[in-house]
Amino acid sequence: MQPSRAAGSCGCALFPLLGALFFQGVYIVLPLEIKTDTHVQGYVGEKVKLKCIFTSTSDVTDKLTIDWTYRSTSSSRMESIFHYQSFTYPTTSGRFRDRISWVGNVYKGDASISISSPTMKDNGTFSCAVKNPPDVHHNIPTTELTVTERGFGTMLSSVALLSILVFIPSAVVVVLLLLRMGRKSAGLKKRSKSVYKKSSIEVSDDTDQEEGDGCMGKFCIRCAECLDSDYEDTY
């Protein structure tokens with residue numbers, strides 16, 4: 001690959017998505033770039049993830065390899081803890097035996113791993129190396145892992161967050177139930193008042209009865225007048 005000179009000297013833009021090295025006034029564009037977290041905070045006994053993301057100019061093939069290495073804070077010796085090539089090969093010896101898990105996806109440019117049951121003895125520097133022939137030259141980023149005991153403040157904040165997540169929905173449900181009960185109570189009061197009022201059928205029956213009583217009274221008066229007139233005629 002031909003190196004490209006700095007953008008300031010040639011007036012051309014560099015490739016924004018690829019890694020680049022600056023050496024003796026010359027930018028060397030790398031076909032493979034790797035990104036990791038500079039620092040990762042872990043807690044004793046809680047699984048921790050070490051992220052490794054890569055971009056390559058070539059398609060992923062079965063020749064792609066991934067290697068994770070580790071150097072403790074008390075040693076300068078690099079130790080291989082994970083290898084990938086079509087299959088995963090976590091270490092079968094040392095402090096990370098049976099504790100390394102593959103959580104990546106090479107077809108998505110993800111070469112991440114996780115460590116289960118971490119301890120403070122795991123503190124150190126981790127390196128992720130990826131090779132995807134013909135792309136084999138790349139930067140070598142490192143991740144500093146710091147494992148500590150969870151403090152009271154951290155536990156308290158976690159408990160407080162969990163309490164908030166549980167309390168807020170519960171409070172909303174309670175308020176909605178109270179509003180619904182209040183509406184039902186108001187409806188029952190209105191119904192109880194309406195019991196003392198006569199229904200339309202009862203009112204119509206009373207009206208018919210009053211009309212019937214009036215007619216009967218008029219009929220009786222008329223009959224009495226007729227009897228009086230007949231009595232007068234006989235004399």
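Numbers for residues simply follow the sequence, beginning at 1.
In this model, a donor atom of one side chain and an acceptor atom of the other lie less than 3.5 Å apart for S56 and N132. Looking only at atom types and distance, the side chain of T146 has no donor-acceptor partner in the side chain of N123 under 3.5 Å away. Residues E144 and T38 have side chains that never bring a donor and an acceptor to within less than 3.5 angstrom of each other.
Of all non-hydrogen atoms in D110 and C52, the two that sit nearest each other are OD1-O, 3.5 Å. A pairwise comparison of heavy atoms in V44 and V147 identifies N-CG1, 3.7 Å as the closest pair. Shown here for S114 and V103, the closest heavy-atom pair between the two residues is OG-CG1, 3.8 Å. Smallest separation of non-hydrogen atoms from A129 and H138: CA-CE1, 3.9 Å.
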Start with the C-alpha gap between T36 and K51, add the side-chain angles, then the distance that decides, and say whether side chain to side chain contact (heavy atoms under 4.5 Å, CB included) holds. CA-CA 6 Å; T36 61; K51 295 175 64 176; over 6 Å; no
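Residues W68 and I53 do not share a hydrophobic cluster, defined by chaining ILVMFWY side chains whose heavy atoms lie under 4.5 Å apart.
Atom CG of residue L64 and atom CG of residue L32 lie 8.0 Å apart, to the nearest 0.5 angstrom. One finds the CG atom of D135 at 9.5 Å from the NE2 atom of H137 (value rounded to the nearest 0.5 Å).
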Please output the side-chain donor-acceptor pairs of residues 88-96 that fall under 3.5 Å, not counting sequence neighbours, one pair per line with the distance.
unit_1, atom_1, unit_2, atom_2, d
T91, OG1, S93, N, 3.3
T91, OG1, S93, O, 2.9
R95, NH1, K121, O, 2.2

Could you pull out every donor-acceptor pair under 3.5 Å between side chains of residues 71-86 and any protein atom, sequence neighbours left out?
unit_1, atom_1, unit_2, atom_2, d
S72, OG, S75, N, 3.3
S75, OG, R77, N, 3.1
H83, ND1, D67, OD1, 2.8

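Under the 4.0 Å criterion applied to side-chain N and carboxylate O atoms, R99 and D122 are assigned as salt-bridge partners.
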